[in-house]
K.L.:
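Structure provided below as structure tokens; questions to follow.
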Amino acid sequence: MKRAYPQCPFARYADDAVVHCRTLAQAEAVMCALAARLEECGLTMHPDKSKVVCLLQGQ
């Protein structure tokens, strides 16, 4: 994450993670990149738990 997306703060909690992005496009790109990296390791994202959430009021 620090090399590919240094502008996106990232926190990992056991087997969960939170990535803060500035735009929907950036969030979708990060999700795709993370999914690809996990696949390289033989892992997958949980389809129900993995999502983009907007935290701005009125959005």
Side-chain angles (χ1 to χ4, degrees):
M1 285 298 299
K2 285 183 182 181
R3 283 184 278 146
Y5 298 96
Q7 71 282 11
C8 297
F10 171 80
R12 184 171 162 231
Y13 307 97
D15 63 346
D16 293 325
V18 175
V19 182
H20 296 271
C21 300
R22 293 195 173 266
T23 66
L24 177 59
Q26 184 181 52
E28 291 172 343
V30 170
M31 286 271 293
C32 288
L34 285 173
R37 178 63 181 128
L38 288 171
E39 189 174 320
E40 291 173 5
C41 299
L43 302 168
T44 58
M45 281 197 243
H46 192 285
D48 295 329
K49 288 176 60 178
S50 304
K51 58 190 167 199
V52 174
V53 177
C54 180
L55 299 177
L56 297 176
Q57 291 181 356
Q59 297 291 320

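In this chain, residues are counted from 1 in sequence order.
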K.L.:
Not counting sequence neighbours, which residues clear side chain to side chain contact (heavy atoms under 4.5 Å, CB included) with Thr44? List them please.
P.N.:
none
K.L.:
What donor-acceptor contacts under 3.5 angstrom involve side-chain atoms of residues 2-19, with partners at least two apart or in another chain?
P.N.:
residue : atom : partner : partner atom : Å
Arg12   : NE   : Ala14   : O            : 3.2
Arg12   : NH2  : Ala14   : O            : 3.4
Asp16   : OD1  : Lys49   : NZ           : 2.9

K.L.:
Could I get the full list of side chain to side chain contact (heavy atoms under 4.5 Å, CB included) partners for Cys41, not counting sequence neighbours?
P.N.:
Arg37, Leu43
K.L.:
So, using side chain to side chain contact (heavy atoms under 4.5 Å, CB included) as the criterion, who are the partners of Met45 when residues are at least two apart?
P.N.:
Met31, Leu34, Ala35, Leu38, Ser50
K.L.:
Tell me, which pairs form a side chain to side chain donor-acceptor pair (under 3.5 Å) where one or both residues lie in residues 23-33, sequence neighbours left out?
P.N.:
none
